[in-house]
Amino acid sequence: MTTLTDEDFNRLYRFIQNNYGIDLSKKKQLIVSRLQQSLESNGYSSFADYVNDIVGGRRPDLVPPMLNKLTTNYTYFLREEAHFNFLRNTVLPELAQKHRNDRSLSIWSAGCSSGEEPYTISIYLKEYFGYDAGQWDTRILATDISQNVLNTAMNPTYQDEQLERIPAPWKTKYFQKRPDGTYTVSKEIRDNVIFRPFNLMEQIRFRRPFDLIFCRNVMIYFDQETKDALVNRFYNVTVPGGYLFIGHSEGLNKQTCPYKYLMPAIYQKK
């Protein structure tokens, strides 16, 4: 196995943290084990040359696959279902009343991974608005730093067991079974999600502020300073009364968080 010196490790993790917010300062062995194959497949005999090319900007093409290797894109339908109950019972009735004239919602799935989260939100929107759904613009912005997972999200394929949490009527209504036994998401649900690559360390300059931001199980990779700065950027692009949902395994700093805490992992801009 190729050796990663402390000097090269420090240069690499600082590059990743400064540019992408991901804190791997205590993950030296993870970096070595997960990048070993990448080094070999790209013709590197040492970590030193690999780190030099990445940090020096000579091989930007190596960065996306490196990030894919070092982060875990683990997600599934209806993950943390309490969030979706709150969405259905509280958030959507509020937004439907608030936007009864313009009939346009602004929802962002930030760090959407392979798409299960925004597709789940889209299904809840279709269920809530029912026959009137076509009269509303409920398209969801779904972003991720990894183009690979976005490609997977835009062309989804699921095994039967991956849909076991989906209620049977929804599975029939919103998923299509292929001849090989796998499933994909129905066109009406896919068309309601707009996938875009985006680095959460960048300034947020989307066309309009958001009624609701999902950023769940993403900030577990960030140190406190990076997390605080990102939450403030979210706050600045959230409409008054809008919501931020984070993962249940995450927590925000009570002293610095600008949002009002409502319940575990749910916050609101007052």
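- The aromatic rings of Y20 and F15 lie perpendicular to each other, with more than 60° between the two planes, well past the 30° mark.
- When only modelled atom types and interatomic distance are considered, R11 and N52 share a side-chain donor-acceptor pair under 3.5 Å.
- Residues I194 and L105 do not share a hydrophobic cluster, defined by chaining ILVMFWY side chains whose heavy atoms lie under 4.5 Å apart.
- Under the 4.5 Å side-chain heavy-atom criterion for Ile, Leu, Val, Met, Phe, Trp and Tyr, F234 and Y261 are members of the same hydrophobic cluster.
- In this structure, the side chains of I16 and L67 come closer than 4.5 Å at one or more pairs of heavy atoms.
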Mind running side-chain contact (heavy atoms from CB on, under 4.5 Å) on M201 and N19 for me, showing each step along the way?
CA-CA 7 Å; M201 296 303 98; N19 289 281; over 6 Å; no

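- Salt bridge annotation for D49-R59: absent, with no cationic side-chain nitrogen under 4.0 angstrom from a carboxylate oxygen.
- A donor-acceptor pair under 3.5 Å is absent between the side-chain atoms of R190 and the main chain of T184, judged by distance alone.
- Just one residue in the list P118, C112, S114 forms a side chain to side chain contact (heavy atoms under 4.5 Å, CB included) with E116, and that residue is S114.
- No path of Ile, Leu, Val, Met, Phe, Trp and Tyr side chains, each step under 4.5 Å between heavy atoms, connects V239 with L125, placing them in separate hydrophobic clusters.
- If you look at Y183 and F175, their ring centroids are not closer than 6.0 Å.
- Note: Y124 and Y174 fail the aromatic proximity criterion, with ring centroids not under 6.0 Å apart.
- Within 6.0 Å of the CZ atom in R139, the count of heavy atoms belonging to other residues, nucleotides or ligands does not exceed 12.
- Figure legend: K28 and Y13 shown without cation-pi pairing, the cationic atom not lying both under 6.0 angstrom from the six-membered ring centre and within 45 degrees of its axis.
- Rounding to the nearest 0.5 Å places CE of M263 at 4.5 Å from CZ of F86.
- A 6.0 Å sphere centred on CD of Q224 holds more than 12 heavy atoms belonging to other residues, nucleotides or ligands.
- Using modelled atom types, one finds a donor on one side chain and an acceptor on the other under 3.5 Å when comparing D23 with S25.
- Residue-environment remark: NZ (K177) stays at or below the threshold of 12 foreign heavy atoms within 6.0 Å.
- Scanning for side chain to side chain donor-acceptor pair (under 3.5 Å) contacts around D102 gives H99, with sequence neighbours left out.
- For Y259, the side chain to side chain donor-acceptor pair (under 3.5 Å) partners at least two apart in sequence or on another chain are T238.
- Hydrophobic cluster membership is shared by L39 and V32, with clusters built from Ile, Leu, Val, Met, Phe, Trp and Tyr side chains linked at under 4.5 angstrom.
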Going through the checks in order, is the side chain to side chain donor-acceptor pair (under 3.5 Å) test met by R88 and N85?
CA-CA 5 Å; R88 178 188 60 215; N85 293 333; 3.1 Å; yes

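- A donor-acceptor pair under 3.5 Å is formed between the side chain of D211 and the backbone N or O of S106.
- Taking the six-membered ring wherever Trp is involved, the centroid distance between the rings of F245 and F214 falls below 6.0 Å.
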